[in-house]
Every structure is written in structure tokens, then in C-alpha cells.
Amino acid sequence: MNRFRTLCVAGSPSRGSHTRALVAHIGGLLERRGSETVLADLAELGLPPSHPDHYWSPEPHPVARAREFIDAVRTSDALVLGTPVYHSGYSGLLKSAIDLLPRDAFEGKAVALVSHASGPRGSAAACEQLRQVVKALGGWAVPMQVSTVSADFAGSADPADFTGGGRRTLDEAGPVHARCAELADQLAVFTRAMRGADGRTDSRVDGRVDGLTDGRVDGRTDGRMDDPADGTRAGVAA
């Protein structure tokens with residue numbers, strides 16, 4: 001089986017978020033399909049805000065964490081972009097991270113899109129908006145997308161529970177798990193097809209960014225999850 005590398009980006013500003021749990025769940029499914037998976041939790045990375053001076057400059061970004069994040073995106077074979085839904089849109093934190101990237105950052109890559117909302121209304125809108133962004137950066141968003149609500153998850157929302165083994169996880173007995181599996185299937189198939197078309201071989205990312213988590217991302221990562229914000233207000237999700 002040809003292995004590939006996937007960068008899974010959790011775009012919630014809340015640690016221990018539903019969005020992180022969803023992205024991590026899909027990362028675990030991808031590992032079963034031959035992916036080396038890295039989790040980038042934007043709540044922990046501390047990336048600088050984007051600025052037009054850096055966007056147009058031919059020089060590398062002056063902030064090391066930004067350079068490392070950009071390199072992690074460019075050297076991945078595939079991506080998973082996860083976002084909470086805020087006012088029927090994707091998060092500003094994810095938008096700012098994407099704005100750090102060069103205009104061809106997703107070229108030749110398959111991208112999976114997932115979102116989490118406090119209710120079903122508008123939960124798919126954020127993924128549809130991200131499809132336009134993926135296209136603008138040269139990527140190809142797979143047809144399947146996954147949107148979740150709080151009832152799709154198991155585990156306590158008590159902050160104290162996220163310091164140990166009581167982390168929030170997607171309910172594998174629920175209906176969303178099957179959609180996540182189909183999403184992982186599509187991303188794996190299209191990534192291998194696209195890599196075969198341009199002759200790429202297995203890629204590796206040598207550098208690390210604080211907050212990027214190597215290895216398994218199926219809910220058992222080592223990153224801190226000690227300050228969750230559930231976003232229970234109407235129209236706000238984590």
C-alpha cells in the first residue's frame with residue numbers, strides 16, 4: 001500500500017473542541033487507510049495574523065511558526081480542514097491561517113472538509129465556502145463532506161475531564177461515523193490517484209511546529225485539551 005501524508009487542521013479557537021475531536025477521528029480513519037497523519041490544532045499553534053506585506057513578499061515569512069505551518073501544508077499530500085460554524089461561516093482563526101499560505105499551497109492535493117455547529121442550520125454552509133477557498137489555492141475538495149452537532153459526540157464537556165482520559169470523541173455507534181469513513185475513503189483514493197498522476201513518491205515533513213501532533217490522531221493525542229469552550233450560544237460552535 002502506497003503511504004501518503006495528511007495534515008489535519010482543526011480551526012477552532014477552543015482547546016478540546018468538537019472540531020478537534022472530529023478532525024482527529026477522521027485522522028485516525030485515514031491512518032487505517034495508509035496515511036501518516038499530523039494534527040495541527042490552531043488553538044495551540046499560536047500563528048501570527050496574516051498581513052498583506054507578508055502575503056505579497058517573495059521572502060519567507062519572518063515568524064518561524066508561520067514558516068513551519070506553511071511548509072507542513074506544502075509538503076503534505078492531502079489535507080483535512082475542520083472548522084466550527086460561526087454565523088453560517090467558517091472560523092476567523094482558520095481564515096487567518098489560510099491567508100498565511102501562498103496562492104498555490106493546495107496545488108495537486110485532495111482536501112476533505114468538515115464542520116461542527118451548535119445546530120443543523122447552516123452547518124454545511126461553512127464547508128461550501130471552504131470549497132471555493134480550496135479551489136482558489138489550486139486544490140480539489142472531495143465530494144463528501146461531514147457536518148456534526150454536539151449530539152454526535154461522546155465524552156464529558158467538563159474542563160476537568162479533558163486533562164486525562166475523558167476527552168470528547170465522536171460516537172462510533174452514531175450515523176456520522178459512516179460518513180466519516182466514506183470521507184476518508186474518498187480522500188485516500190483521490191490522493192493516491194493524484195500522486196500517481198504527477199509521479200510523486202512518499203513525502204515527509206522534517207520540521208515540527210509546536211502544537212502539531214505526529215502519530216495517531218484518533219482521540220488519543222498528547223496535545224493539551226485543558227480549556228474547552230463548548231460554544232453553546234445560538235449560532236456558535238466549537
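Residues A126 and Y90 share a closest heavy-atom pair of CB-N, 3.8 Å. Taking each heavy atom of A40 and L7 in turn, the nearest pair found is CB-CD1, 4.0 Å. Between L47 and A97, the closest heavy-atom pair is CD1-CB, 4.0 Å. Looking at every heavy atom in both residues, S35 comes nearest to T37 through OG-OG1, 3.3 Å. When all heavy atoms are compared, the tightest approach of L22 to C180 is CD1-SG, 3.9 Å. Considering every non-hydrogen atom in both S88 and A125, the closest pair reads O-CB, 3.6 Å.
A donor-acceptor pair is defined here as one N or O able to donate and one able to accept, closer than 3.5 Å; such a pair exists between the side chain of S91 and the backbone of G11. A donor-acceptor contact shorter than 3.5 Å links the side chain of R33 to the backbone of L29. Side-chain atoms of R168 come within 3.5 Å of backbone atoms of G16 as a donor-acceptor pair (strictly under, hydrogens ignored). Judged by distance alone, with hydrogens and angles left aside, the side-chain atoms of R65 form a donor-acceptor pair with the main-chain N or O of L45 at under 3.5 Å.
Taking the charged nitrogens against the carboxylate oxygens, R67 and D71 have no contact shorter than 4.0 Å, which rules out a salt bridge. Under the 4.0 Å criterion applied to side-chain N and carboxylate O atoms, R15 and D41 are not assigned as salt-bridge partners. Between R74 and E107 there is no salt bridge, since no side-chain nitrogen of the basic residue lies less than 4.0 Å from a carboxylate oxygen of the acidic one.
The distance from the CG atom of D171 to the CG atom of D152 is 8.0 Å, given to the nearest 0.5 Å. To the nearest 0.5 angstrom, T19 atom OG1 is 12.0 Å from L81 atom CG. One finds the NZ atom of K109 at 4.0 Å from the OG atom of S76 (value rounded to the nearest 0.5 Å). Separation of atoms OH (Y86) and CG (L94) is listed at 10.5 Å; rounding is to 0.5 Å. H61 contributes atom NE2, which lies 5.0 Å from atom CG of L100 (distance to the nearest 0.5 angstrom). For the atom pair NE2 of H177 and CD1 of I26, the computed distance is 11.0 Å after rounding to the nearest 0.5 Å.
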* To do: Begin with the C-alpha distance, continue with both residues' side-chain angles, and end with the deciding distance and a verdict on side-chain contact (heavy atoms from CB on, under 4.5 Å) for S115 and T148.
  => CA-CA 6 Å; S115 64; T148 59; over 6 Å; no
* Can you list the steps and then say if E172 with H25 is a side-chain contact (heavy atoms from CB on, under 4.5 Å)? -> CA-CA 9 Å; E172 294 196 14; H25 183 79; 3.7 Å; yes
* To do: Applying side-chain contact (heavy atoms from CB on, under 4.5 Å), run through V176 and L170 and close with a yes or a no.
  => CA-CA 8 Å; V176 176; L170 190 75; 4.3 Å; yes
* To do: Could you check L183 against V142 for side-chain contact (heavy atoms from CB on, under 4.5 Å), going step by step and ending with a plain yes or no?
  => CA-CA 8 Å; L183 178 76; V142 302; 3.7 Å; yes
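Checked against the 6.0 Å centroid criterion, the rings of H116 and F153 qualify as a close aromatic pair.
P102 is listed as a side-chain neighbour of I70, based on a closest heavy-atom distance under 4.5 Å. Taking 4.5 Å as the limit, some side-chain heavy atom of E44 sits within range of a side-chain heavy atom of R20.
Side-chain polar atoms of R131 and Q145 form a donor-acceptor pair below 3.5 angstrom.
A side chain to side chain contact (heavy atoms under 4.5 Å, CB included) with V111 holds for exactly one of L137, V134, T191; it is V134.
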